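Each chain gets a letter, A, B and so on, in the order the sequences are listed, and its residues count up from 1. Worth saying up front: this structure is predicted, and the values here are computed from it rather than measured.
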There are 2 protein chains.
Amino acid sequence: MTRQSVEHPHHERADAARNRRLILEAADRLYAERGAAHVTMDDIARAAGVGRGTLYRRYPDRASIALALLDAHERDLQETLLRGEPPLGPGASPAERLAAFYAAMVALLDRHVHLALGAEVGRSRFEAGAYGFWRAHVRALVAEAGHADPDAMVEPLLAPLAPDVFARQREIGIGADRIAAALERLARAALG
Amino acid sequence: MTRQSVEHPHHERADAARNRRLILEAADRLYAERGAAHVTMDDIARAAGVGRGTLYRRYPDRASIALALLDAHERDLQETLLRGEPPLGPGASPAERLAAFYAAMVALLDRHVHLALGAEVGRSRFEAGAYGFWRAHVRALVAEAGHADPDAMVEPLLAPLAPDVFARQREIGIGADRIAAALERLARAALG
DNA sequence: TCCATAAGTGGACATTGTGTCCGGATACTT
DNA sequence: AAGTATCCGGACACAATGTCCACTTATGGA
């Protein structure tokens, strides 16, 4: 779905590849340093040592840069959900799988909040990145658990994983472990 | 908490009061017509027939205008939660009160999504508007239900009410009634 | 090795939205 | 009616976005 922003074109020129790396490294560092909201495209271009035109050629906005950085991490988890061991992968009960999914996502967010927040700038998270995948996964679990209206239950169950919610909780002193524990309880209550 | 943006100063000049009304009416209309994201301060000033300076004098940004408009509606619900009849008001079980709260919030969102989205521009919803009130209410319910870590459970339970989540659900064809039904089930599962 | 050319680069530019400022206008008081 | 505190509104400076195009460079064939 966002592969083109990660996979290398078949014959990418050497200078282009170098600049791509410079851009991604600079963006990652800036997002981590200042927070997504305080990084402009100009900042990234300057930090990477490339011109604005070069930056815009690849990435139309900040969100797509953050998405490119997130993508690799997210793909690992997606792979595990599809073919990994239970309880993340197939084989466990829906409630346990949702609990494990929550825990894994919290761990992911804990490492990459700055990127997740950066990916939210502009376009809403719903139509970008891996949201479609998470949605399909959770929908399947909800349906398997026998809920009456799975489609109406998916977004409410995904909402607690919104990056800004996670960031807020950490801001007021609730660590990733407590968040994960609370969500695991919620998962078992909702699908158990 | 946001009273100063709604209450009239003791001796507001007649022209100032008129302009306040013009501004709020114009903003409400524009938000509804085009959606919050596509309304600028300039648009509001022009539609209201006042200058930019006049607009900025009262409202530092779009969010505070939307908040002023939302405020009245939210206050009604707050009053009911504190002193109204069960199940919204005191007297019912935590699970039933949370279910009723969800339903009431969905109804509120259904009428005023455009405002709720407008209030989110810039400042995150957490530190503005009535969020503190909703948080305190839900936290009390969670605690009363005997949960281990109420503080970690509050944000996850409030997250499904985020305006962008609601807007998204409606966008993909899930009506307010289905959302309310799903959330009521969630409430009973989480606190029951 | 050298050249043709497709791809890539970078900074100038136009555009849009934000927020501030202050001379002038206007309502309220006495 | 006059004085004054408040308010008005547009001009201005600034910040960030996204586009454009003249120039540069890598690459592959002769």
Side-chain angles (χ1 to χ4, degrees), chain A residues 4-5 7-27 30-31 33-68 117-124 128, chain B residues 4-5 7-27 30-31 33-68 117-124 128:
Chain A
Q4 88 286 352
S5 58
E7 255 177 21
H8 297 197
H10 274 279
H11 283 305
E12 186 183 44
R13 268 171 48 167
D15 54 347
R18 177 179 49 84
N19 279 344
R20 175 207 304 285
R21 236 198 25 253
L22 288 174
I23 289 172
L24 290 181
E25 283 169 5
L30 286 179
Y31 280 141
E33 273 174 20
R34 314 184 197 169
H38 302 124
V39 177
T40 72
M41 291 293 266
D42 224 7
D43 293 333
I44 297 173
R46 207 172 316 117
V50 305
R52 299 177 55 68
T54 305
L55 185 52
Y56 275 99
R57 154 174 297 268
R58 296 170 196 294
Y59 304 106
D61 49 42
R62 281 169 298 178
S64 60
I65 303 181
L67 273 174
L117 286 172
E120 275 195 317
V121 176
R123 259 301 144 287
S124 85
Chain B
Q4 88 287 353
S5 58
E7 256 179 17
H8 299 197
H10 274 279
H11 282 305
E12 188 182 43
R13 267 170 51 166
D15 53 348
R18 177 179 49 84
N19 280 343
R20 174 206 308 284
R21 237 199 23 252
L22 288 174
I23 288 172
L24 290 180
E25 281 169 6
L30 287 179
Y31 281 139
E33 272 173 21
R34 313 184 198 168
H38 303 124
V39 177
T40 71
M41 290 293 266
D42 226 7
D43 292 332
I44 297 174
R46 207 172 316 114
V50 305
R52 297 175 53 70
T54 305
L55 185 53
Y56 274 100
R57 156 173 297 269
R58 294 171 197 293
Y59 302 106
D61 49 43
R62 281 168 299 180
S64 61
I65 302 181
L67 273 174
L117 286 172
E120 274 195 321
V121 177
R123 259 304 143 285
S124 84

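Put simply, Arg62(B) has a side-chain N or O that comes within less than 4.0 Å of OP1 or OP2 on dT18(C). Between Arg58(A) and dG8(C) there is no side-chain polar atom (N or O) within less than 4.0 angstrom of OP1 or OP2. Phosphate proximity of dC8(D) to Asn19(B): present, with a side-chain N or O under 4.0 Å from OP1 or OP2.
With hydrogens and angles disregarded, no donor-acceptor distance shorter than 3.5 Å links the side chain of Asp15(A) to the backbone of Arg18(A).
Within the nucleic acid shown, Arg18(B) has no heavy atom closer than 4.0 Å to any nucleic acid atom.
Residue Tyr56(A) has its side chain nearest to dG18(D) when only dG18(D), dG19(C), dC8(D) are considered.
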Could you tabulate the donor-acceptor pairs under 3.5 Å formed by side-chain atoms of residues 43-56 of chain A, not counting sequence neighbours?
residue  : atom : partner  : partner atom : Å
Asp43(A) : OD2  : Arg34(A) : NH1          : 3.1
Asp43(A) : OD2  : Thr40(A) : N            : 3.0
Asp43(A) : OD2  : Thr40(A) : OG1          : 3.2
Arg52(A) : NH1  : Asp42(A) : OD1          : 3.0

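Taking all atoms of both residues into account, the shortest heavy-atom contact from Met41(A) to Tyr59(A) is CE-O, 3.4 Å. The two residues Ala119(B) and Ala66(B) make their nearest non-hydrogen contact at N-CB, 3.4 Å.
Atom C1' of nucleotide dT6(D) and atom CZ of Arg20(B) are separated by 14 Å, given to the nearest angstrom.
Of the residues in residues 46-55 of chain A, Val50(A), Gly51(A), Arg52(A), Gly53(A), Thr54(A) come within less than 4.0 Å of DNA chain C through at least one heavy atom, sorted by number. Annotation: proximity of residues 36-44 of chain A to DNA chain D (heavy atom, distance under 4.0 Å) is found for Thr40(A), Met41(A), numbered in ascending order.
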